[in-house]
Amino acid sequence: MVPISAYLIVAVVLFGIGTMGVLISRNIIVLFMCVELMLNAANLALIAFSRSLNIMDGHAFVFLVLTVAAAEAAVGLAMVITIYNNRESINIDRFNILKW
Amino acid sequence: MDFPFPEYNLQYMLPEIFLFVWALVVISFDLLSKRNNGSTTGYLTLFGIAIAGLLLGLVGNGKGFGKMFINDNVAVFFKVIFLGAAFMAVGSSFGVMQKKIVNHRGEFYALLLMSTTGMMFLSSSQELLSIYLGLELTTIPLFAMAAFYKDDKLSVESGIKYFIIGAFSSALMVYGMSFLYGLTGSTDLAQMKVAFFKTHLQFGDMGIVMILALIMLAAGIGFKLALPPFHQWAPDVYEGAPTPVAAFLSVGSKGAGLIAFAKIFVDGLYAYHSPDMAPNDWGMLIGILAIAAMVLGNVLAIRQTNIKRMLAYSSIAQAGYIMIGMVALSASGIASVGFYLFIYLFANMGAFAAVAVFEDMTGSCQIKSYAGLARTSPFFSAVMAVFLLSLAGIPPLAGFLAKYYVFASVVDVAQRSADSSWMYWMVGIGLLTTVFALFYYANVIKVMFFSPETSPYKVEAPLPAKAVLAIGVIGVLLFGLYPEPILQFATGISSSLHFMP
C-alpha cells in the first residue's frame, strides 16, 4: 500500500506550483489555472486523509470544493471576457489604473 | 436496514431559504416585467429583507441538519447585522440604479441577496465545510457585483483584482482546512476541540504542520477581513466598485470574515497549544495583526484624496480596532466586538450612503468636490459629519462607546493576567492611532464646513437613501446615549462561544 505521506508530498508540490504560479504569472487565465491547481492540491490532501482515517467527511468536502471551484470559474471567466472587452488585454500588469 | 437520519429541522433555516427564494423572485420579476419597472425591484428587495428579518425573529434558537446548522445567539446577532447591511446597501443603491445600472437591476439585487444568504449560513455554521461554503457563497456574488459597471474600466479592474485575491485566499484556506481535518480527523469544530483538548491528534503532534495549517487559515480569513498584510485589495476594490457594493463589502464581508475568525480561532482552536506555544500567544498574534491594521490603515488614510479610498483605509483601521476585542479572548471581549460591529454598521453604511448620494449627483468621489457643501446643503453635510465623527470615536456618538468597550475589555484582561504588559502597549498604540484617524475624518468636515467657496451642488437624495441616512444617524445618536439594548444583545453572544475560564 502506498503510504499517506506520498500523497501528501504530491499535494504539497502541487500546492507549491500553484502558489508560485499565482505570484509569478502575468496572464489572468494562467493565474486562474494556478488557483485551480491549489484547490486540487487541497482536494488530494483531503482525499488522502479521508482514506487513511477511514472517515468520509473528507470525500464530501472534496465534492463541494469541486462545485465551488466550478462556480468560481464561471464568474471568473465571465470577468476575464469583460476586462478583455474594455482593455484588449488579459495581462495583469496592464490593470494599474487603481493605485495608492 | 435502519439508517440514522439526522434531524433536519428545516424551520431554523427559514430566513435563509426565504432570502434565496426571494433572490430568484426578484430576478424573475425583473425579467418578466421586461426590465422596465423603475424602482419596484429595489422596493421588492427591501421588502424581502424585512420579511427575512421578521422570520429570523420568529424561528428561535435550535439546531438543524444534524449539527451542521446552529441558530444560537452568535448566529442571530450576526444575521441581524448582515440583514441590516443588506437593507442599507439596497436603500442607498436606488440612485446608482437610475443612473448606471438601468438594465440589470434584477441581477444586482439577486446577487446581493445571495451574498447575504451566504453570510447568514456562515453565521450558523459550526463546521469547516459549512464555513467554507458560507464564505464562498458570500464572496462569489461580490466578485460579480464589484465589476458591475461593465463598461467602466475602474469597476472591472476592481472586480478582477477582488476575484484573484478572493480565489487565491480561499484556496489557501481550503488547504489549511484539509490539514486541520487530517490532524484531528473531523471537520466539526466541537469534535476538533475535543481532539485538541486530549492532544489526541491522528498523526502524533506534528506541531509545524499544524502551525502552517493555521497560518494558511489565518491568511485566507485575513484577506476577507482586509487585515494587513493581506489588505492591499481593499482600497482598489472600494474605489472601483459601485458605492453601494463597497458599502456592503465593508460591513458584510468584514462581518463574514469576523464570524469565521471567531468560530475557527476563538471558539474552535483555543485549546490547541503545542509545547512552544502558550494559549496566551494566540492573543499576541491577533494583537500584532490588530496593531498593524490600526497603524497602516490610519496613516495611509491621511494622504487619500478620494473619499471612497479614504473610507477603505479607515475600514482597514476599524478592522484593527475590532480585532483588539478578539485579543482579550474573553466573554467581555467578544461582546465588545459584537457591539463595535453593530455600531460600525450604522456609521459606515451611513457614510457610504452619503458618498453614494453625492456621487450620483455630481459623479465625483474626490474630497475636494465636497468644498463648501455646508452652505448649499447644510443638513446633508451635518449628517455626513455625524457619521465621520462616530467613525473617529467622538464622545456623544456611538463610535466612542464602541472603541471604549473594546479597549476596556483588553485592559480588564491585562489586569487579571500576568505577563501582559504588551496588552497595555497595544491599547496605547490604539489610542494614539485614533488621533491620526481624527485628523483625516476632520479634514472632510473642514472641507465641507470651513471652505471659503460655496459649493455649486445642492444635494437631493432619493427617498430610500434618505431613509438609510436617517437610520444611520438615529442609530449612531441613539445608541451613543442609550447603548444598553445593543450591549445586552452583544453580551448574549458570549454565552454561545466557549472560552478559557
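In the text below, chain A, chain B and the rest are named by the order of the sequence lines, each starting its count at 1. Since the structure is predicted, the reported quantities are computational estimates derived from the model, not experimental observations.
- Asn86(A) places a side-chain N or O within 3.5 Å of a backbone atom of Lys150(B) that can act as its donor or acceptor partner.
- Looking at Ala11(A), both its backbone and its side chain come within 4.5 Å of chain B, counting heavy atoms on both sides.
- The backbone N or O of Ile55(A) lies less than 3.5 Å from a partner atom in the side chain of Ser50(A), making a donor-acceptor pair.
- Looking at Val80(A), both its backbone and its side chain come within 4.5 Å of chain B, counting heavy atoms on both sides.
- For chain A, the nearby part of Ala147(B) is the side chain; its heavy atoms alone come within less than 4.5 Å.
- Looking at Phe163(B), the atoms closer than 4.5 Å to chain A (heavy atoms on both sides) all sit in the side chain, from C-beta outward.
- The part of Tyr132(B) that comes within reach of chain A is its side chain, from C-beta onward, which places non-hydrogen atoms under 4.5 angstrom from that chain.
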Determine, step by step, whether Thr139(B) and Lys224(B) satisfy the side-chain hydrogen bond (donor to acceptor under 3.5 Å, both in side chains) criterion, reporting the C-alpha distance in whole Å, the side-chain angles of both residues, the deciding distance to 0.1 Å, and the verdict.
CA-CA 9 Å; Thr139(B) 45; Lys224(B) 306 273 185 284; 4.7 Å; no
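- Among the candidates Asn306(B), Asp188(B), Asp152(B), Thr187(B), the residue making the largest number of heavy-atom pairs closer than 4.5 Å to chain A is Thr187(B).
- For the 3.5 Å distance criterion, the side chains of Thr243(B) and Lys308(B) qualify, holding a donor opposite an acceptor.
- Neither the backbone nor the side chain of Leu37(A) comes within contact range of chain B; no heavy atom of the residue lies under 4.5 Å from a heavy atom of that chain.
- Put simply, of Lys153(B), Glu136(B), Met177(B), Glu127(B), the one with the most heavy-atom pairs under 4.5 Å next to chain A is Lys153(B).
- For Thr67(A), no part lies under 4.5 angstrom from a heavy atom of chain B.
- Annotation: maximal heavy-atom pairing with chain B below 4.5 Å, among Ala69(A), Ala60(A), Gly58(A), Ala48(A), occurs at Gly58(A).
- Per-residue counts of heavy-atom pairs under 4.5 Å with chain B were compared for Gly18(A), Cys34(A), Ala42(A); the largest is that of Ala42(A).
- The candidate with the highest count of non-hydrogen atom pairs below 4.5 Å against chain A, out of Leu133(B), Ile160(B), Leu128(B), is Ile160(B).
- Residue Met173(B) does not touch chain A at all, counting heavy-atom pairs closer than 4.5 Å.
- To the nearest 0.5 angstrom, Met216(B) atom CE is 5.5 Å from Leu212(B) atom CG.
- With a 4.5 angstrom heavy-atom cutoff, Val22(A) touches chain B only via side-chain atoms.
- Of the residues considered (Val68(A), Leu64(A), Val75(A)), Val68(A) shows the highest number of contacts with chain B, using heavy-atom pairs under 4.5 Å.
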Assess the residue pair Ser125(B) and Leu122(B) against the criterion (side-chain contact (heavy atoms from CB on, under 4.5 Å)); give the C-alpha distance rounded to whole Å, side-chain angles, the decisive distance to 0.1 Å, and a yes or no.
CA-CA 5 Å; Ser125(B) 58; Leu122(B) 179 64; 4.1 Å; yes
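- Panel note: side chain Thr82(A), backbone Ala78(A); a donor-acceptor pair is recorded below 3.5 Å.
- Your options are Gly176(B), Ser178(B), Ser186(B), Gly159(B), and the one with the most heavy-atom pairs under 4.5 Å with chain A is Ser178(B).
- In this structure, chain B has a heavy atom under 4.5 Å from the side chain of Leu31(A), while its backbone stays farther away.
- Top candidate by heavy-atom pairs under 4.5 Å with chain B, chosen from Asn43(A), Ile47(A), Leu39(A), Asn85(A), is Leu39(A).
- For chain A, the nearby parts of Leu129(B) are the backbone and the side chain; heavy atoms of each come within less than 4.5 Å.
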Worked verdict on Tyr181(B) versus Phe61(A) for ring pair (Phe, Tyr, Trp, His ring centres under 6.0 Å)
CA-CA 10 Å; Tyr181(B) 162 68; Phe61(A) 209 132; 7.3 Å; no
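- If you take CG on Leu111(B) and CD1 on Ile140(B), they are separated by 11.0 Å, rounding to the nearest 0.5 Å.
- In this structure, the portion of Ile164(B) lying under 4.5 Å from any heavy atom of chain A is its side chain and not its backbone.
- Judged by distance alone, the side chain of Ser124(B) and the main-chain N or O of Phe121(B) form no donor-acceptor pair under 3.5 Å.
- In summary, the side chains of Asp236(B) and Tyr162(B) do not present any donor paired with an acceptor at a separation below 3.5 Å, with no hydrogens or angles considered.
- Proximity of a side-chain donor or acceptor of Thr19(A) to a complementary backbone N or O of Phe15(A) within less than 3.5 Å is detected.
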